[in-house]
Amino acid sequence: MTTGRADCIALDADDPLRHLRDQFELPPGLIYLDGNSLGVLPKATAARVQQVVQQEWGHDLIRSWNTAGWITLPQRVGDKIATLVGAGPGELVVADSTSVNLFKVLSAALAISQADSPTRRVILSERHNFPTDLYIAEGLARERGFELVLCDDPEQIEPLLAERNVAVLMLTHVNYRTGRMHDMASVTRHAHEAGTLALWDLAHSAGAVPVDLHAAEADFAVGCGYKYLNGGPGAPAFVWSHPRHAERFWQPLSGWMGHAAPFEFTPQYRPAPGIARYLCGTPAVIAMAALECGVDTVLAAGDMQALRRKSIALTRLFMALAAERCDGHGLTLASPADDARRGSQVCLSHPSAGYPIMQALIARNVIGDFRAPDILRFGFTPLYTRFVDVWDAVEQLRQVLASGEWREARFNQRAAVT
Ligand SMILES: *Cc1c(COP(=O)(O)O)cnc(C)c1O
């Protein structure tokens, strides 16, 4: 049976999470399916940032490091994110960017592996991993004398763990281009059986799908603040280490905020206990205050399982409607059809016209994005996406394809950011 627009309106009326949308500033008439790249602005953020700027900075000035708790923001916001990813209190901090945090934890993982089993000289990842992850690994591999091995297919991970002397398996939990999701517990178990450490990038997972780092026995994790956590453009990222590893290594960016006593101003570095040593320099206070507002919008759902149920329903509906209503125009599903293997996004590929089709869709106020070479990417943030938005987005896509308007020259000029 096909789902009509009225059915979608009824689904929204029954949705137990529908009130969560009120937390956001959504421009009227816009269907935003790009929260996997930049989350929507929460209503609370502008007032909170204004308070930090005018009161805490403008009036209270330097006293705010203590009186407004600026100095503990990395831990305070970190503890909130920890509840979303199955980490314990005091185990996760907010700092720097995902790329920089990845450098820290991959360094730590390599050093720990080297200490425990010096013959292991391989970092294993996927060729389709997000490029910054691969670039960081390539740089570290070169610097530390490791080999970076990339597999083309997730099915090759297990055999490669068995065949090669892998020190660290570095994976992104939900793939940015296809939305394919690894079974974190199972992959980590295979890694450990092979004597390999497992490092997870949660950029497309935190706030999007349930994650349980402890249950999966993961070794290290990093993640992004500006995607599903709604922290704003360039929001600080987060970093987690399993407590069994946190104190085994000085992470290489041994800045003063990761010192055991930064305000003793001693000349020698002494790393802070626990995850605090993964801090480097002074926290970006205004950005962290904005990130906290974003994280609070996810915590307001109360339960990642409820968000996940809605996310699956949204992505399933999109796939079904796109297959039914946009057939015959060369689009194919690039995301797993199996709910258990799919994150909170759906990707369609088009052999030649992915970019202009997406531009024409954006001109119709349906925002997704394009990922080279051929992917139209649609993120479904269950906090603010309605079922009727899914219906309307597919209808706009159908009209873009049926009219052929994407062929117009204005939709074929590449911008710097796609
Ligand atoms: C978005 C994303 C990043 C972003 O890294 P930045 O340092 O914030 O630019 C990194 N890794 C993955 C897998 C991502 O999806």
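Any value given below was found using the heavy atoms of this structure, including those in side chains, with hydrogens, waters and symmetry copies removed. We count ligands from 1, going down the list as the structure has it; atoms in each ligand are counted the same way.
The nearest heavy-atom contact from the protein to atom 8 (O) of ligand 1 is Tyr226 OH, 2.7 Å. In this structure, atom 11 (N) of ligand 1 lies nearest to the protein heavy atom Asp133 OD1, 2.8 Å. Of all protein heavy atoms, the one closest to atom 2 (C) of ligand 1 is Lys227 NZ, 2.3 Å.
Contact detail for Gly281 and Met257: the closest heavy-atom pair is O-CG, 3.1 Å.
Salt bridge absent: Arg18 and Asp12 never bring a charged side-chain N and a carboxylate O closer than 4.0 Å. Looking at Asp22 and Lys43, no side-chain N of the basic residue comes within less than 4.0 Å of a carboxylate O on the acidic one, giving no salt bridge. Arg48 and Glu56 are joined by a salt bridge, as a carboxylate oxygen and a charged side-chain nitrogen come within less than 4.0 angstrom of each other.
Contacts of Arg309 classified as salt bridge (charged side-chain N to carboxylate O under 4.0 Å, His left out), with partners at least two apart in sequence or in another chain: none.
A distance below 6.0 Å separates the ring centres of His214 and Trp240.
Note: an N/O pair closer than 3.5 Å links Asp201 and ligand 1 by distance alone.
Ligand 1 places these atoms under 4.0 Å from at least one heavy atom of His204: 15 (O). Of all atoms in ligand 1, numbered sequentially from 1 with element shown, those under 4.0 Å from a heavy atom of Ala203 are 2 (C), 12 (C), 13 (C), 14 (C), 15 (O). Which parts of ligand 1 touch Ser97 is read off a 4.0 Å heavy-atom cut-off, strictly below it: atoms 7 (O). Listed by number with element, the atoms of ligand 1 under 4.0 angstrom from any heavy atom of Thr172 are 13 (C).
Here the CZ-OG1 distance, from Phe130 to Thr98, works out to 8.5 Å after rounding to the nearest 0.5 Å.
Here Thr98 has heavy atoms under 4.0 Å from ligand 1 in both its backbone and its side chain. When heavy-atom distances to ligand 1 are checked against a 4.0 Å cut-off, Leu102 has no atom that comes that close, whether in backbone or side chain. Proximity of Ser99 to ligand 1, defined as any heavy-atom pair under 4.0 Å, is shared by backbone and side chain alike.
Contact annotation: the side chain of Ser107 approaches that of Leu140 to within less than 4.5 Å [non-hydrogen atoms, C-beta and beyond].
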